[in-house]
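Notes to accompany the following structure.
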Amino acid sequence: MNGREGWGRMNRAQFLRLFGGAAAAAAVAGPFGFVGTARAQAGGDFVIGISSDINTLDPQMSPNDVFRHTIRSTVFEALVFINPDTLQADPLLADSWEISADGLTVTFKLKSGVTWHNGAPFTAADVVYSIKRVQDAAVGSPFAPQLVAVTNVEATDDQTVVLTLANTVPGILSNIAVIQIVNEATIGTITTAPVGTGPFKFVNWAPGDHIRVEAYAEHRSAPKVGAIEWRIVPDSQARLAGMQDGTLQMVMLAEGKDVVQAQAAGIEVIQTKPYNLYENFNINTTRAPFNDKRVRQALAHAFDRESYAKTVWFGFARATINPVPPEMETYLPDSASLYPYDPDKATALLAEAGFTKDNPLKMEILTPQGFDTLKSMALLLQDSLNRLGHNVTVRELEVTVWLDRFLTNPDFDITTDNFNTGPEDPASMFNSPNLAPATNVNLWNPPGYAELVAQAGAEIDRDKRIALYHQLQQLILDEMPQITVNHLPLFFLGTEAAKALVIGPSGIDDYTKIAL
Amino acid sequence: MSDLATTTPPVRRSSGLLGFLIRRSPLAVLLVGIFLVAAIFGPWLAPHSMTDTNLSAALQGPSSTYWLGTDPLGRDVLSRLLGSAQVAAQAFLIVVLIGGVFGTALGLLAGGLGGLLDLVVSRVVEVLQGFPTILVAIVIVALFDPSLTNAMIAVGLAAIPDFARVSRSVAIQLRDREFIQAARGLGAGEIRILWSEVLPNMIGPLIVIASFDGAQAVLWEASLSFLGMGVQPPAPSFGSMLREAQGYLAIQPVFAIIVGVAVSGVILGLNLLGDAISDYLDRGGK
């Protein structure tokens with residue numbers, strides 16, 4: 001009977017641990033959550049909590065980093081930085097630039113005396129290499145659509161780069177602002193030891209735990225903090241606790257519930273313009289029955305985005321069906337409220353497409369772990385459709401698995417996602433991974449779409465340009481390749497020092513002004 | 001007469017068990033009773049749908065409409081707790097079945113037949129015991145898909161050693177007793193003896209192990225669902241509800257408290273009950 005005695009003891013001890021409810025799960029969650037990553041920090045470190053990891057250190061290959069604001073914003077630089085206040089391009093690696101009268105040539109004069117972190121001088125050849133690398137189909141950079149109009153890039157001397165464009169691109173500087181410049185000589189080790197020109201040097205990346213960069217003293221605007229460490233803290237409550245006990249100085253991309261709780265706890269909430277981000281459902285438009293636009297329209301009618309914004313986002317989100325925010329002059333008037341929540345309309349559209357209670361629509365909604373609002377979105381759409389008699393499942397996936405099924409080897413019906421609205425210029429949005437012709441994540445590219453996007457991007461006349469963008473919005477609102485749900489500001493929780501972070505509109509920030 | 005008592009097969013009777021348990025641990029009977037009623041009759045008792053969302057009623061405290069309040073998507077907490085009890089009971093059953101059938105069979109054969117078989121089984125059981133349950137569960141869920149069944153198969157595997165150890169030690173104690181020798185003398189084969197003579201005499205200890213391992217299973221199910229590796233949404237589970245509640249601690253603490261109390265109550269009840277059954281058997285069913 002030894003066995004039984006042993007068992008009795010073990011269980012009583014375990015039970016004691018559990019008593020009090022959540023302790024059980026917390027004890028298990030410990031190693032995965034904040035408890036496991038918290039440790040004493042050295043002076044001069046600026047520690048930031050992020051909800052999930054990046055997937056690569058290569059700044060030209062990491063759309064995920066656009067949401068994490070890590071390596072791309074610190075180790076690397078682009079030619080220009082879009083200033084969030086003026087929405088104009090500020091000099092970064094380029095000192096000045098000139099756009100020719102016909103709009104087809106852009107000449108960048110580079111800053112002199114810039115060095116790579118390994119001490120090598122930065123030259124025009126690096127810029128040429130970087131732009132060509134993004135354009136190289138074999139590399140497969142998600143930023144390639146930003147450079148679709150660039151037909152030639154050459155260095156006329158060590159400090160001058162000339163871009164030749166196929167057509168005028170009024171938003172070319174916004175596009176250039178997301179192309180980080182990489183070092184050709186060290187490209188072989190870019191995924192393990194990236195070398196950039198930015199204000200911070202790469203130190204290490206412990207996947208699933210942290211990413212660390214250190215100040216690069218030789219940089220022309222030397223950072224004021226010694227090091228930045230992003231800690232991966234998947235649990236939002238643990239991130240809040242980290243802010244309260246001082247182990248974190250900033251939390252990136254907080255959700256509505258975190259903002260409410262942070263405000264109650266007296267933690268500073270920093271927010272960008274109310275339309276920096278949008279949440280949406282991306283749809284695999286090549287897979288039946290989602291290749292039928294009536295099904296996609298039905299899904300749009302089946303989601304109650306007003307209630308979602310009000311409840312899950314505590315009113316911090318602004319419901320809309322159009323990814324173009326009303327603040328942009330190209331916005332299609334009164335379009336945000338199209339496709340109101342209307343289960344009857346959804347039922348009618350699905351019936352037209354052949355789906356009824358007797359032949360229910362079967363679909364799986366993917367949602368990435370660590371994004372509670374996206375999970376709520378998935379559950380709400382699921383519930384709405386299941387109540388209409390359909391058969392919807394929700395699958396919450398670990399982020400790297402999700403990226404694989406969504407982006408790398410597309411195998412999905414529909415997924416929740418959030419996306420940067422991007423700079424004020426809609427050309428950038430229609431060339432972003434969500435909407436770019438030929439390469440967008442919805443795998444949607446109807447005849448004439450690419451031409452229309454190119455035409456709108458090239459149009460200089462203001463009224464004609466607006467008309468073309470209205471036409472594009474009408475097209476995506478009719479075809480519904482993705483279901484936009486809301487516009488959101490980016491929320492950062494931070495200490496007083498964190499307020500000095502300059503949050504750029506396209507996922508690249510300026511950390512150099514932060515001082516502890 | 002005492003000799004006779006030890007030579008008579010010590011088959012335990014269940015008469016008076018409930019009465020004993022109520023006297024010994026009324027709290028356990030009450031808690032497990034509520035759990036069983038919830039698990040079996042939950043779907044009929046639930047005042048609302050377990051999965052229907054209602055954002056206009058999100059995160060409410062207890063009210064006459066929603067007795068235990070609502071979750072962040074406006075789903076009824078009471079109905080979801082009833083659903084969670086059902087999921088927990090499934091976890092209990094799967095784990096006890098896997099652990100009980102395979103563990104008992106292994107232990108019975110090893111203890112009853114002895115020799116090389118005993119050596120091999122004992123070592124295998126020790127190896128199995130060496131793996132942390134959560135690790136095995138994570139591996140299985142990673143290899144296949146996260147679901148209640150997969151998670152509980154992993155936990156069930158982890159329960160095999162407990163059943164095996166207990167059934168083996170009971171089998172060793174019994175195999176040379178007079179009534180076994182009598183059966184052997186009557187010409188019964190070893191397997192037949194194990195099945196019809198030894199097995200019935202270890203039911204008591206096995207029930208105790210089942211109650212503790214089952215409680216453990218409820219806990220593991222909650223833990224794995226908390227981590228998103230158990231029951232998949234929108235199905236409720238104690239673990240996933242705790243997880244949801246935890247994100248809203250400062251906004252609607254009642255939600256977390258209610259779910260926490262429910263989980264604690266179930267585990268407490270099952271453990272107390274296991275202890276009480278153990279006492280009952282130690283006293284020879286008196």
Side-chain angles (χ1 to χ4, degrees), chain A residues 1-8 10-12 14-15 18-29 31-32 235-238 240 255 257-258 260-262 264-265 304 306-308 310-312 314 367 369-370 372 375-376 378-380 382-384 386-387 392-398 401, chain B residues 51-53 55-56 58-59 72-75 134 145-146 162 165-170 173 205 208-209 212-213 215-216 219-220 222-228 232-234 238-239 242-251 256-257 259-264 267-268 271-272 274-275 278 281-282:
Chain A
M1 294 286 144
N2 297 331
R4 190 212 299 177
E5 270 307 308
W7 255 92
M10 189 147 71
N11 276 276
R12 269 190 293 271
Q14 275 163 348
F15 145 66
L18 301 179
F19 196 60
V28 178
F32 303 92
D235 185 80
S236 67
Q237 210 66 26
L240 267 183
E255 299 190 340
K257 66 179 190 304
D258 308 328
V260 170
Q261 294 180 87
D304 184 356
E306 293 286 345
S307 299
Y308 171 74
K310 199 170 119 213
T311 307
V312 176
F314 292 85
T367 189
Q369 254 173 29
D372 293 346
K375 184 177 172 186
S376 298
L379 291 172
L380 290 168
Q382 175 190 38
D383 181 42
S384 169
N386 283 353
R387 275 203 241 184
V392 180
T393 53
V394 169
R395 172 65 54 86
E396 196 179 6
L397 293 173
E398 200 267 313
V401 180
Chain B
T51 53
D52 280 5
T53 60
L55 286 178
S56 59
L59 286 175
L73 297 181
R75 296 175 293 194
I134 191 90
D145 271 333
D162 303 314
R165 274 170 40 211
V166 170
S167 55
R168 174 178 171 272
S169 68
V170 174
Q173 283 176 30
V208 177
I209 294 297
F212 284 129
D213 266 12
Q216 189 75 7
L219 196 57
W220 282 121
S223 306
L224 289 167
S225 295
F226 184 94
L227 296 173
Q232 290 302 293
F238 288 131
L242 262 185
R243 170 91 199 180
E244 285 157 10
Q246 188 225 17
Y248 295 85
L249 273 182
I251 299 171
I257 292 169
V259 180
V261 166
V263 182
S264 308
I267 310 279
L268 176 62
N271 277 280
L272 287 178
D275 276 348
S278 172
L281 295 172
D282 282 349

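Excluded from the calculations below are hydrogen atoms, water molecules and symmetry mates; all remaining heavy atoms, backbone and side chain alike, are included. Below, chains carry the letters A, B, ... as their sequence lines are ordered, and counting in each starts from 1.
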Options A:Arg387, A:Gln369, A:Gln382, ranked by heavy-atom pairs under 4.5 Å with chain B, top entry: A:Arg387
Side chain to side chain, B:Val263 and B:Phe226, heavy atoms closer than 4.5 Å: no
Region of B:Pro72 that comes under 4.5 Å of a non-hydrogen atom in chain A: backbone
Proximity breakdown for B:Gln232 and chain A, heavy-atom pairs closer than 4.5 Å: side chain
B:Asp162 side chain reached by B:Phe212 side chain, heavy atoms, under 4.5 Å: no
Heavy-atom pairs under 4.5 Å with chain B, option from A:Val312, A:Asp258, A:Leu379 with the top count: A:Leu379
A:Val260, part contacting chain B, at a heavy-atom distance under 4.5 Å: side chain
Greatest number of heavy atom pairs closer than 4.5 Å to chain A - which of B:Ala250, B:Pro233, B:Ala262, B:Ala58: B:Pro233
Distance, nearest 0.5 Å, that separates OG of A:Ser376 from CG of A:Asp383: 12.0 Å
Spacing of B:Leu249 atom CG and A:Leu240 atom CG [to the nearest 0.5 Å]: 10.0 Å
Contact check, side chains of B:Trp220 and B:Gln216, non-hydrogen atoms, under 4.5 Å: yes
Max heavy-atom pair count under 4.5 Å with chain B, selected residue of A:Glu396, A:Arg395, A:Lys375, A:Glu255: A:Arg395
Under 4.5 Å from any heavy atom of chain A - which part of B:Ile257: neither
Listed partners of A:Glu398 passing side chain to side chain donor-acceptor pair (under 3.5 Å), at least two apart: A:Thr400
Partner chain B: residue of A:Asn386, A:Asp372, A:Val394 with the largest heavy-atom pair count (under 4.5 Å): A:Val394
Engaged part of B:Arg168 at the chain A interface, taking heavy atoms whose separation is under 4.5 Å: neither
Side-chain heavy-atom pair B:Leu73, A:Leu380 within 4.5 angstrom cut-off: yes
Backbone N/O of B:Val166 and side chain of B:Ser169: donor-acceptor pair under 3.5 Å: yes
Chain B contact via A:Lys310 - side chain, backbone, both or neither, heavy atoms under 4.5 Å: neither
